[in-house]
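The figures that follow rest on heavy atoms only: side chains count, while hydrogens, waters and symmetry mates do not.
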Amino acid sequence: NNGVDNVRQINDAVRYAPVSARYKVYIIDEVHMMTGSAFNAFLKTLEEPPPHAKFIFATTEIRKVPVTVLSRCQRFDLRRIEADVLVAHLRRIADAEGVAIDDEALALVARASEGSVRDALSLLDQAIAHGAGRIVAADLRAMLGLADHARVVDLFEKVMKGDAPAALAELAELHVVGADPAVVLTDLAQFVHLVTRMKLVPEAAGDAAISEVERVRGRDFAERLSIKVLSRAWQMLLKGIPEVEAAPKPLAAADMVLVRLCYAANLPTPDEALKLLADGGGGEGRGGGGPAPSGGPGGPGGPGGGVRAQAGGRPQPVLASDNPAPMRNPFAEPSASAMVLSSLEELVALAQEKRALMLKLALERHVRPVHFEDGRFEFAVTAEAAPNLAQELTQKVSEWTGRRWVFTVSREEGGETIAERQAAEKTKLVSDVRLDPLVARVLERFPGARIVDVQIHRQAAADEGESHEDLLADERGGDDI
């Protein structure tokens, strides 16, 4: 009834006074669906309405209503209902109808309705019919195609740890019990948003629509994850959800989104990468700090190839590795051995685990160890070291280990830095390989070629007949290359 003829019928009927009431009230729902001619036919009546007539227009698309109509009306914007108010309203209805429904199920209805009372009542009506008088959260999730909140939180934790196999297995189990992959990713994005809000606005944990699992574990994640990591996960999910919805095989597309998220969990944030480049770390492995892992991007064994030396065999030219050593994940729990430090290398590993990348670089490049024992470290520094390095180490390491540490700068010369030692070891190894006749012929055959890295290829050595005992001896520091 949105045409001009319908409006003319109203214009004819509105002239007559009501018979049994003070006013005639005309309620037109979805008024934006009226045609342009119908709106024009209404203007005269709206401008000079009879004193006994009241018009109520309802719409969810206010922008589609002509300005000429809006200017003749008083406007009331109905806001979305807050979750706690909606839950209380649904509880009163359920009690009046004699329906048993738990609090978690009510919270699910309130969340799924997104603040709309009409949608909430429709969902509650469907749930009552589906549950035959008793509604539990598990049945409601099955009806709505939602995933269990606890399992979504488990999936979030696996993704933030970079554990791709476990994350894919969790998604597959959710899909088996009926959860839509796109809905799972949407729930995952909502939880990322919840953790971000809890980090910035701790009072957000009091929302009635949040389950107890989300409230408790969300607070824990908010303390342990940075805004940068959460923002990156949100952006990737925001781009991945439409891909899953449009994909011919949604589960496969959702798997690929989770793989991207898990891989990104092991990458430094953009500002950390820029700091590494500014500090001269552009040619280092992911995460920065020290010489790049063998085969890492931009490091030895990167594009351009290199030479691989076999234990007990001849060196062989190798291509760049496709499996660079992953950076420690910041979300992972520190191991028990990390709390008792016995060397500078363990201290560097702890700094990387805590994602203190600039501190890790300083330990590798500017610290010359003098005396190290658990709880105390005396060292010399290079000329490029920050003046407050000892104070920063004392504060950070004491906080990480949960007990007091003392770091002092010595006037003694100290030993080599980690970067110097690794550079010297690499130079010696390259020099030794250069003497091999096969390598010498390769370098002669390809003018301009150079050796960028040497790797110990133990599998090839075993294939050539080297005994298990010889390999063990090589692991213990044997000098066969």
With salt bridge (charged side-chain N to carboxylate O under 4.0 Å, His left out) as the criterion, how do R224 and D220 come out once you've worked through the C-alpha distance, each side chain's angles and the decisive distance to 0.1 Å? CA-CA 7 Å; R224 299 164 63 185; D220 180 48; 2.9 Å; yes
Could you list all the side chain to side chain donor-acceptor pair (under 3.5 Å) pairs where at least one residue sits in residues 381-391, not counting sequence neighbours?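 Found H366-T382, T382-E384.
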Interatomic distance, [X] atom [atom1] to [Y] atom [atom2] [nearest 0.5 angstrom]:
X	Y	atom1	atom2	answer
F221	M160	CZ	CE	9.5 Å
L359	Q395	CG	CD	10.5 Å
T394	W405	OG1	CH2	10.0 Å

With [X], the side chain to side chain contact (heavy atoms under 4.5 Å, CB included) member among [options]:
X	options	value
L258	L237, L185, V184	L185
P181	K249, E245, H175	H175
L363	L344, L389, L350, I418	L344

Would you call the rings of F407 and F377 parallel, tilted or perpendicular if under 30° counts as parallel and over 60° as perpendicular?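 It falls in the perpendicular class, over 60°.
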For G240 and V257, work out which heavy atoms get closest and say how close.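 For G240 versus V257, the nearest heavy atoms are CA-CG2, 3.8 Å.
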So, do [X] and [Y] sit near enough that their side-chain heavy atoms are less than 4.5 Å apart?
X	Y	value
P202	M198	no
L90	L121	yes
L225	F156	yes
L124	I101	yes
Y263	L261	no
V367	T417	no
K228	R232	no
R355	K360	no

For [X], is the [atom1] atom crowded, meaning more than 12 foreign heavy atoms sit under 6.0 Å from it?
X	atom1	answer
R260	CZ	yes
E444	CD	no
E173	CD	yes
L78	CG	no

H32, K64, E30 screened by side chain to side chain donor-acceptor pair (under 3.5 Å) with T59, the one that passes: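 With T59 as partner, side chain to side chain donor-acceptor pair (under 3.5 Å) holds for just one option, H32.
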Residue pair E378 / S410, side-chain donor-acceptor N/O under 3.5 Å: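 Result is yes, a qualifying pair exists.
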If you measure only the distance, is there a donor-acceptor pair under 3.5 Å linking the side chains of Q235 and S231?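 There is no such pair between these side chains.
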In sequence, state the C-alpha distance, the side-chain angles, and the governing distance for E345 and R421, and then conclude on salt bridge (charged side-chain N to carboxylate O under 4.0 Å, His left out). CA-CA 12 Å; E345 287 74 11; R421 185 171 68 251; 2.5 Å; yes
Residue of the set E412, E420, E413 for which salt bridge (Lys or Arg N to Asp or Glu O under 4.0 Å) holds with R368: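 It is E420; the other options fail the test.
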Candidate pair S342 and E346, rule side-chain hydrogen bond (donor to acceptor under 3.5 Å, both in side chains), full reasoning: CA-CA 7 Å; S342 58; E346 291 184 2; 3.1 Å; yes
